[in-house]
Undergrad: 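Encoded as structure tokens, here's the structure I'll be asking about.
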Amino acid sequence: MNEQAKQDYKSTLNLPQTEFPMKANLPQREPEMLKFWADIDLYKAIRSVSKGKPKFILHDGPPYANGDIHAGTAMNKILKDIIVKYKTMAGFDSPYVPGWDCHGQPIEHNVEKQLGEKAKTISQVDFRKLCQDYAMRYVDIQREQFMRLGVSGDWFDPYLTLKHEYEATNVKTFGELYKRGLVYKRRKPIHWCVKDQTALAEAEIEYRDEVSPSIYVKFPLKSEFEPVKTFDEPKFIVIWTTTPWTLPANVAVAVHPEADYVAIRTAGEILIFAEARLEVVATETGIADYEVVAKFKGADMEFLKCEHPLFSEKESVVVLADYVGLDTGTGAVHTAPGHGQEDYLTGLKYDLPAPMPVDAAGHFTKEAGQFAGMYIIKANKAIIEYLKEKNLLPYDTEIAHSYPCCWRCKNPVVFRATEQWFISMDIDDLRKEALKSIADVRWIPDWSIRRINSMVEGRPDWCISRQRSWGVPIPVFYCGDCQEDVVTEETIKSVFELFVKDGADAWFDKSAEEILPQGYTCPKCSGKKFVKETDILDVWFESGVSHEGVLKTREELKWPADIYVEGSDQHRGWFQSSLMTSVGVYHRAPYDAVLTHGFVVDKDGRKMSKSLGNVVNPLDVIEKSGADILRLWVASSDYTVDVAISPDILKHVGDAYRRIRNTFRFMIGNLFDYDPETDAVAYDELLELDKWALHQMTQLLKTVTASYESYRFHGMYHAVYNFFTNELSSLYLDILKDRLYASAAGSRERRAAQTVLFEMLQVYTGMLAPVLAFTCEEAWSYLPEAVRKTRSVHLSEWPVLNEGYLDAELAARWDKILKIRGEASKALEEARNAKLIGNSLEARVELYVDGATKELLERYESQLAQMFIVSSVEVDRFEAAPAEVFKSDVIEALAIKVLPARGSKCERCWRYEDTVGESSQHKGLCARCAGVLTGA
RNA sequence: GGGCCUAUAGCUCAGUUGGUUAGAGCGCACCCCUGAUAAGGGUGAGGUGGCUGGUUCGACUCCAGCUAGGCCCA
């Protein structure tokens, strides 16, 4: 037989044919798919086929409209999209309305930087306009990027916190909370630049090296204190500070409750400070001669009263605080609630006043007595002098340390208490109500509830005011006559309506009288003049009302949401701000479930940072490999903990992707001549192996569905990937090749295989569509048009679980046969290594086995060669096994002998057959192949 | 410093109420095939279970401490 004839036989085979490319080329193909989705308006089409189905609402947490998306935001949106796509296919109407957080300090800051000097002269309204442009620019950029990920949603009608209606929502909710009595005003220290006379956010502070005074101050002890009461000398508690100018605002001295403190007697006085600081303090103050006369715990000193070192008529009380350290100072900390964050919290705990003797420009007020009018930094000297005179200053030097400074003018920043608005956690039991509501929510994973609980339990009142421009104003008026703040249903209604109509800009544009109803008078004093509040709301308040501004206002949505899906940092952020505004107004959470994911980190579990050089940019991944690779990476990872990404990890995901893609391609290629209308084979007519495959497929579908239902996507990823590798590629599809290629095109056995492949292709593209959004759509487009009931896989329904495909007995039988196949392949490998065979078709296999297994194998003896992909399989008794055989160590009493195949190689199907040569027309072929060609 | 969380083969993940030699797929090595071909098949080698103690007849699994890392506070 010459080469030409061999070629001819190849052409008689039914080899796969398809245009479905092996090489994915996703960076090019995905944009085409996006265009297709845009052309058919997929999102709208999904809405229309979902109409009337039960709702499943995943409410989007708004990312900040600044910068490009990063790996974390990409993962978040992909996770949400997987859920929404799955729920949609699973029979829900699941509209997804993405949102953006558009107000806030970072945008304001960036616009200010761009403006440079002009920032000082521009009007507030013009400035806000620039901020809006900035935010909208990034909304556009991020929209494009999210869409590129394959995330489907109402992208051209998203919710934006800067939209008029949304801004008005803040007013409504604020009004409700105010009405309930939860809103109050109180002084709280904030970062303040006395040169620019403005409040600063944390991000606007730079740390610079500064030189400050470093002094010890003696606070005269007024109370009787048991451990030292037998001594007549004057007694002092010694504190250390680097900010003498904050002493006028001192109200307390904080000590650590568990630390040891000592009283020492020296030169006619008793000094009290931490034992751990004894040597250092003694050295620094030059006390050579002293005697420790008492030792006690910090807790013993609680509530002792001292005389204020600057104002003898005032008192300073000893309080306990865990943050008091013993590495520096004296272990006794000067506490001024108006000048420090920790001091402030301690003040709240002890119900201390928070005097603020410093004005906006950094000058002492008359509250500071003899220091009134002095600039605070300069006052340091005067205060030190005064303390020296009173002999209350045993130590006085300078220290260089890093100190917070203003990003703009580089001058030191001070903490200064100013009036702020708060939402109380406890006035009307908001905290208790929130904790109760938390218990009614499903938190995934389950540790999530512990986290939110402990945070809500321990959180301070919510400070909702900011001294800023780019945001929603706090809708409060002050009476020009009685100074009372005025918030009534009437005022709220007028502000609400104004914002709906003209947006929050109107607040800055119009006078109080223009905003209020005509002739409005103060409910308290009937005054007619009003002043507007200048503070704006915390952006967390704004995003926290999205359930009101979005879920309750958009007809396609519902309140409460079925689920919120965000990173674990949102326990402090959005989960909580949403909870508080919702509980505050509606007495329940705005969500039924909350799903939390971890952060994206590098392969070593470290956070991504420029300095570590481990940043993976999702846009680069899309450009190089495609969004489906990113989506598969998300699905392959356990997102309940931190998720690692690296070029190496993405390479592995790419390998997995190719295996899945090629499996699709094989199925598609073998269906080129299959018409489901006419060629389908009834279940009862299928071969047993086909039924086994359908059974396995159905089991897989069960597993996969359960994984999606429990949001365990990596579980489904592993199940599918293992299935594609073990059950399909290495088993079913490999065995099927002979049947598909060599059987007569229209034969029952070939059509049976195609029937199964066709069924599988639909099920597998369907179950993977929520993850491989692009690839499954592409594969779907290769299905015969007649059976594609929908234009897009994303419009199709979740694969139907056909219980009729389940046949446990049959599956058990075949699992056993296939297990023996596994043993045979070990024996074949030994023969291959011994150069006895190459291709397994060159082998003939003898199985030596007893009992039930023997009966089973004999029952299927004629099919075994095909199953093992060898030329023949014979079964005999175990004792009949020759001496030199492969003995299984997995299956008892199983011996396998591998021999060269009998007969000759069929030039068409490559099997070795005794029947080769029997046909007069086709001398090189086996009986089966000859029959196929002659049509016998 | 505090709260919550994580730590199983190179990678991604499983590991049932503590109980025989800790599993899977990928990757890797070697081999086969060249009719899924920048594919496909087979076999095999990889783990002192972050570390240190403790409880127990027995711990990857329970307890304590430590180390490394993450989020949020301070």
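Convention: sequence-line order gives letters A, B, ...; per-chain numbering from 1.
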Undergrad: For residues 336-343 of chain A, dump all side-chain donor-acceptor pairs below 3.5 Å to protein atoms at least two apart in sequence or in another chain.
TA:
from, atom 1, to, atom 2, distance (Å)
A:His339, ND1, A:Phe415, O, 2.8
A:Asp343, OD2, A:Ala336, N, 2.8

Undergrad: Each nucleotide N or O in nucleotides 4-8 of chain B that has a protein N or O under 3.5 Å away: list the pair and distance.
TA:
from, atom 1, to, atom 2, distance (Å)
B:C5, OP1, A:Arg450, NE, 3.3
B:C5, OP1, A:Arg450, NH2, 2.3

Undergrad: The criterion is salt bridge (Lys or Arg N to Asp or Glu O under 4.0 Å); which residues satisfy it with A:Arg277, sequence neighbours excluded?
TA: none

Undergrad: Over 60° means perpendicular and under 30° means parallel, so tell me whether A:Phe724 and A:Phe664 are parallel, tilted or perpendicular.
TA: perpendicular

Undergrad: So, using ring-ring contact (aromatic ring centres under 6.0 Å, His included) as the criterion, who are the partners of A:His652 when residues are at least two apart?
TA: none

Undergrad: Which residues pass the ring-ring contact (aromatic ring centres under 6.0 Å, His included) test with A:Tyr64, sequence neighbours left out?
TA: none

Undergrad: If the sugar-phosphate is the primed atoms plus P, OP1 and OP2 and the base is the rest, what is the B/S/- string for nucleotides 37-47 of chain B, using protein heavy atoms under 4.0 Å?
TA: SSSSSBS----

Undergrad: Which residues pass the ring-ring contact (aromatic ring centres under 6.0 Å, His included) test with A:Trp443, sequence neighbours left out?
TA: A:Tyr591

Undergrad: I need the full list of salt bridge (Lys or Arg N to Asp or Glu O under 4.0 Å) pairs touching residues 566-576 of chain A, with sequence neighbours left out, sorted by first then second residue.
TA: A:Lys80-A:Glu566

Undergrad: Under the salt bridge (Lys or Arg N to Asp or Glu O under 4.0 Å) rule, collect the residues that match up with A:Arg928, sequence neighbours excluded.
TA: A:Asp738

Undergrad: Could you spell out the base pairing of RNA chain B as a dot-bracket line? Use Watson-Crick and G-U wobble contacts where both distances are under 3.5 Å, [ ] for crossing pairs, | for partners on a different strand.
TA: (((((((..((((.....[...)))).(((((.......))))).....(((((..]....)))))))))))).

Undergrad: Is A:Trp910 stacked on the base of B:G35, meaning ring centres closer than 5.5 Å and planes within 30 degrees of each other?
TA: yes

Undergrad: List for me each residue that meets ring-ring contact (aromatic ring centres under 6.0 Å, His included) alongside A:His571, sequence neighbours excluded, and say none if there are none.
TA: A:Phe575

Undergrad: Residues in side chain to side chain donor-acceptor pair (under 3.5 Å) with A:Asp673, at least two apart?
TA: A:Arg750, A:Gln754

